[in-house]
Amino acid sequence: MEIKKSKFRYGAKAAFSFVFDDGCYKESTEKVIKIFEDNEKKYGVRLKATSAHTVNFLNEDLISFWKDTFKAGWFDLASHSMDHSFAYNEGVDIERRRKDAKDSKEALEKIYEGMEVISYVNPGGTNTVEGCQVLKEFYYGNRSNCEEPPYNDVDTVDLIYAHAFVPNFKYKDLAPYKEYIDTLMEKNVWGVQINHWISEKEQDVFHAQTVPSFAVQCDYLASLSKEGKIWVPSFNEAVKYIKEYQDSQLVITEKSATESDIILKNDLDDKIFTYPLTLEIKAENGVTVTQNGKEKVYSSKDGIAYVDVVPNVTAKLVLK
């Protein structure tokens, strides 16, 4: 049985993640959710983003709003520092960086009880690869600021310094965006977008987009996602998947020509890294997978079945 790990979930050619900084723009967030809802109705595809919160920007009303928003599942949570006041580079004392990384994680997990904060997002100012390494003590992923190239090779990316890009405030047409997405799919890589908000105001240009521009982008992404060409996870979901992809060893025990037991072994925290990893299995007529006592049948496309399995749990595969 020919099996290999898929770079992206569902066998997609590329991945794309939205990250919204600061966590204090309620009106913008409501507009984003409305656009996500419209795309789910139109395409049957649920887009999801990560909201990065600066602890000292929050108040009771915002916290209540975000608790409801996280529960609805349109966003998940990352840290964006305690007060947005300094950068992660060698010029900032390492103990100061370490304190911010630790304090902001602990504060957000207390505010949003029950939520695990696994990612950080660099606040304003400069950041460097070396300066961000302290984040590894507390987080699994970090979105850097604008970097070249504006995408990430999942085979080699250091998740604590994932590259990102800033969208144009207002596209006259979809050509630049399509060109970027086409590049992601051609190179088989992961793109991450920096946003602060979406707005109706022409003066709101800092890391922002107009509402119509963002809506057109989401429509395009959702259409590609429905076709299976691109996967649109939150930043946190992408970090979990890529970390498992990088760290898991695929162990196959063949029982017969049509039956195998497999396990994706890794030493990651089993309370966090239970995200399904996709396997590409050569199977003309599909495959049946049994894991955790549940059986699921996967069909094949062009002789390949794309199968989701959870790491560190044995799964039984049977070719149809």
Side-chain angles (χ1 to χ4, degrees), residues 5-10 15-20 23 46-53 55 66-67 69-81 88 98 100-122 132-144 152 154-162 164 190 192 231-251 262-279 291-294 307-315:
K5 295 181 291 185
S6 179
K7 282 189 175 183
F8 300 112
R9 199 168 181 197
Y10 315 120
F16 183 93
S17 300
F18 288 114
V19 178
F20 287 83
R46 172 166 275 237
L47 304 180
K48 186 174 181 177
T50 291
S51 180
H53 287 201
V55 175
W66 276 108
K67 283 182 177 180
T69 300
F70 292 140
K71 187 176 181 180
W74 299 108
F75 284 80
D76 56 27
L77 174 67
S79 172
H80 195 42
S81 79
Y88 273 75
R98 181 177 286 114
D100 172 78
K102 180 176 183 293
D103 288 354
S104 60
K105 174 181 170 68
E106 291 178 350
L108 289 173
E109 289 179 343
K110 182 177 181 180
I111 290 170
Y112 301 111
E113 56 265 58
M115 295 193 73
E116 184 81 27
V117 179
I118 69 164
S119 295
Y120 190 91
V121 170
N122 278 318
C132 287
Q133 294 310 298
V134 66
L135 294 170
K136 288 184 175 180
E137 295 181 35
F138 308 98
Y139 303 92
Y140 292 99
N142 166 46
R143 192 217 68 202
S144 71
N152 305 275
V154 300
D155 284 320
T156 59
V157 63
D158 179 351
L159 286 168
I160 219 68
Y161 202 74
W190 170 43
V192 182
W231 174 44
V232 190
S234 70
F235 184 82
N236 286 329
E237 289 173 333
V239 165
K240 289 179 182 180
Y241 187 96
I242 294 167
K243 188 67 176 170
E244 290 173 357
Y245 171 80
Q246 291 179 341
D247 287 21
S248 296
Q249 177 188 5
L250 177 59
V251 179
I262 66 101
I263 187 168
L264 286 158
K265 288 186 175 182
N266 63 53
D267 295 323
L268 300 172
D269 186 336
D270 60 10
K271 293 181 181 178
I272 296 172
F273 291 95
T274 58
Y275 199 78
L277 194 68
T278 298
L279 300 178
Q291 189 179 41
N292 284 326
K294 297 179 180 180
V307 170
D308 275 352
V309 297
V310 175
N312 292 320
V313 179
T314 298

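Positions are given from 1, in the same order as the sequence printed here. Keep in mind the model is a prediction, meaning the values are calculated, not measured.
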#### Entry: Worked verdict on Tyr88 versus Asn142 for side-chain contact (heavy atoms from CB on, under 4.5 Å)
CA-CA 11 Å; Tyr88 273 75; Asn142 166 46; over 6 Å; no
query: Checking side-chain contact (heavy atoms from CB on, under 4.5 Å) for the pair Asn312/Lys265: CA distance, chi angles, key distance, verdict?
result: CA-CA 5 Å; Asn312 292 320; Lys265 288 186 175 182; 4.3 Å; yes
Exercise. If we only count heavy atoms from C-beta on, is the Ile262 to Leu250 side-chain gap below 4.5 Å?
Worked result: yes
Quick one: do Gln246 and Val157 satisfy side-chain contact (heavy atoms from CB on, under 4.5 Å)? Show the steps, please.
-> CA-CA 9 Å; Gln246 291 179 341; Val157 63; 3.6 Å; yes
Do Lys5 side-chain atoms and Ser248 backbone N/O form a donor-acceptor pair below 3.5 Å? yes
Problem set entry | Any side-chain heavy-atom pair of Leu268 and Lys240 under 4.5 Å | no
Taken to the nearest 0.5 Å, the spacing of Asp76 CG from Glu116 CD works out to 12.0 Å
Closest non-hydrogen contact found for Lys105 with Val117 is NZ-O, 2.6 Å
Item to complete: Verify the neighbour count for atom NZ of Lys67: are there more than 12 heavy atoms of other residues, nucleotides or ligands below 6.0 Å?
Response: yes
Taking every heavy atom of Trp66 against every heavy atom of Gly23, the minimum-distance pair comes out as NE1-O, 3.0 Å
NZ of Lys7 to OG1 of Thr278, rounded to nearest 0.5 Å, is 14.5 Å
Of all heavy-atom pairs linking Val19 and Ala52, the shortest is CG1-CB, 4.5 Å
Q | Tyr275 versus Asn236, side-chain donor and acceptor atoms under 3.5 Å | A | no
Tightest non-hydrogen contact, residues Glu109 and Met115, listed as CG-O, 3.3 Å
Measuring only between side-chain heavy atoms, which start at C-beta, is Cys132 closer than 4.5 Å to Asn122?
yes
Q. Looking at the rings of Phe70 and His53, which for Trp means the six-membered one, are their centres under 6.0 Å apart?
A. yes
Practice item. For residues Val239 and Tyr139, determine if any side-chain heavy atom of one lies less than 4.5 Å from a side-chain heavy atom of the other. Key: no
Rounding to 0.5 Å, atoms CD (Gln249) and CG (Asp247) come to a distance of 11.5 Å
Taken in chain and number order and not counting sequence neighbours, the residues that satisfy side chain to side chain contact (heavy atoms under 4.5 Å, CB included) with Arg46 are Glu40, Trp74
What one should report as the nearest heavy-atom pair of Leu135 and Ala101 is CD2-CB, 3.8 Å
**Prompt:** Is the backbone N or O of Pro233 less than 3.5 Å from a side-chain atom of Ser17, with the two atoms forming a donor-acceptor pair by type?
**Reply:** yes
(message) Does any part of the side chain of Phe8, heavy atoms only, come nearer than 4.5 Å to the side chain of Val154, both counted from C-beta?
(response) yes
Is there side-chain contact between Leu264 and Glu244, with at least one heavy-atom pair below 4.5 Å?
-> no
Value for CG (Leu279) from OG (Ser6), rounded to nearest 0.5 Å, stands at 8.5 Å
When rounded to the nearest 0.5 Å, the distance separating CG of Leu77 from OH of Tyr112 is 6.5 Å
Next item on the list: Please test Phe138 against Tyr120 for side-chain contact (heavy atoms from CB on, under 4.5 Å), starting from the C-alpha separation and ending with a verdict.
Entry: CA-CA 9 Å; Phe138 308 98; Tyr120 190 91; over 6 Å; no
Original post:
Side chains of Gln133 and Lys136: donor-acceptor distance under 3.5 Å anywhere?
Top reply: yes
Q. Tell me, do Arg143 and Ser119 make a side-chain contact under 4.5 Å, heavy atoms counted?
A. no
Q) Parallel, tilted or perpendicular for Tyr241 and Tyr245, by the 30°/60° rule? A) parallel
Checklist entry - Considering only heavy atoms from C-beta outward, does the side chain of Phe235 approach that of Trp190 to under 4.5 Å? => result yes
Any luck finding a side-chain donor-acceptor pair between Tyr10 and Asp308 under 3.5 Å? no
Between Asn292 and Lys294 (side chain of the first, backbone of the second, donor and acceptor by atom type, cut-off under 3.5 Å), is there such a pair? no
Closest non-hydrogen atoms of Thr50 and Ser234, given as atom of the first, atom of the second and distance, are OG1-CB, 3.4 Å
Value for CG (Leu108) from NE2 (His80), rounded to nearest 0.5 Å, stands at 11.5 Å
